[in-house]
Amino acid sequence: MPKSIPWWVGGIGMSLLFYLSFSVWGADRPIGASTGMSYLSNMLFGLSPEEYKYAAMVENSGAWEGVMLIGVFFGGLFMSLFVTKSFHISYIPTLWKERKNKSIKSRMIWSFIAGFLLVFGARLAGGCNAGHILSGGSQVAVSGIIFAVVALGTGVITGRFFYKKKGCKV
Amino acid sequence: MESIIKMFTTVSNANNGSVWLVLFIGFCFGAIILYSRLDKFEKMAGFMIFEDTLVPRMAMTTVALSSLGFYFLVDAGYASYSVKPTILGGLIVGGVLFGIGLVILGKCPSAFFVSVSEGRVDALVGVLGGMVGGAVFTIAYPFIEKLIGPDLGKIRLSDLFGGYDLIIVLVLSTVLLVTAYFLPTINYVDPADEIK
């Protein structure tokens, strides 16, 4: 088995999966992930829907995405163990070592902050890249287009300031 | 434990497919993400610092093909659009925060689960950060709610132009497919992949 698939195979596979999820033969709804993330975190921190308005709001769609995310984890695990055989414990991505630093502590602190910003930002916007850019874009939703432009634009600008220029030795 | 059972019952009671189907959709989603390497820092963050073009090419292909398919599914009555509301303030502020998080963590919510399943500890820390982020949002929601407007409603591009749905979808997917095809192949080869 090859260790990875090219972009166009990935794109075709992904859109076939989207048809399944979107149509009446599947779940009759588009794929999203960050509402599920929010649901799981409410569950972890014991924020009940009776007490918190937002927990009540994500009660249904969050549960769907929460179950889907469990599937996502096992899908990834299955592939990394049996197909790509890429499972190994690692702490810092290679590109980060090249462009940022080699400190595990720094990577962990930034990961935590970035994870926080990701989910908090996605909740503010009402969706993440799965919900807004992929599912939203596929439905030609105005919200998805605005989100894609703002998020990717900010990402590119932040990347320029946050990471060292190519070829700069530490 | 109790809440996990509640999550599964909520899903099986809702009209959006059986629990097994939802798990299956997630499983495939995770498998495709891992197999195409979308979960890798080098691919996602690398895209935004112009080191890799896998993510934009694959995302463009997905949106182009899905938008065509969705159009015909809805047209034939086998699906219905479920568009997210255009909350301008929330979209812009949220998009900025999300973009910063995306380029630093190098994965999105869902890809970081895939990354964890590959044994990446930094992704696990990112998930924990996300858990805290989600909880803070839930607690702060009554205050945030007042700030995120104005809500322009659940609009699609064809609503702005007053129709022409099929033309918009055709133009959009053609532009995306052509762009994806002609984008240069920039591939970040990770030395960590070569060691076996």
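In what follows, every chain begins at residue 1, and chains take the letters A, B, ... in the order their sequences are listed. A quick note: this is a predicted structure, and the numbers were derived from the prediction, not measured.
Contacts of N60(A) with chain B are made by both backbone and side-chain atoms, with heavy-atom separations under 4.5 Å. For I146(A), the part sitting under 4.5 Å from any heavy atom of chain B is the side chain, from C-beta outward, and nothing else. Only the side chain of L47(A) comes within contact range of chain B, with heavy atoms under 4.5 Å apart. With a threshold of 4.5 angstrom between heavy atoms, V140(A) approaches chain B through its backbone and through its side chain. Contacts between F22(A) and chain B at a heavy-atom distance below 4.5 Å involve backbone atoms as well as side-chain atoms. Heavy atoms of Y163(A) lying under 4.5 Å from chain B belong exclusively to its side chain. Interface residue L44(A): only side-chain heavy atoms are found under 4.5 Å from chain B. Heavy atoms of I104(A) lying under 4.5 Å from chain B are absent altogether. With a threshold of 4.5 angstrom between heavy atoms, F73(A) approaches chain B through its backbone and through its side chain. Heavy atoms closer than 4.5 Å to chain B are found in the backbone of I133(A), but not in its side chain. Interface remark: I89(A) contributes backbone and side-chain atoms alike to the contact with chain B (heavy atom separation under 4.5 Å). With a 4.5 Å cut-off on non-hydrogen atoms, E59(A) touches chain B through its backbone and its side chain both.
Salt bridge absent: K154(B) and D159(B) never bring a charged side-chain N and a carboxylate O closer than 4.0 Å.
Counted by atom type alone, K107(B) and S115(B) present one or more donor-acceptor pairs between their side chains at under 3.5 Å. Side-chain contact of R123(A) with T35(A): a donor-acceptor pair under 3.5 Å is present, judged by distance alone. Side chains of K43(B) and N187(B): a donor-acceptor N/O pair is present below 3.5 angstrom, by distance only.
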For S117(B) and F78(A): C-alpha separation, side-chain torsions, deciding distance, then whether side-chain contact (heavy atoms from CB on, under 4.5 Å) applies.
CA-CA 8 Å; S117(B) 77; F78(A) 175 82; over 6 Å; no
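Heavy-atom pairs under 4.5 Å with chain A were tallied for M60(B), R156(B), R37(B); the largest tally goes to R156(B).
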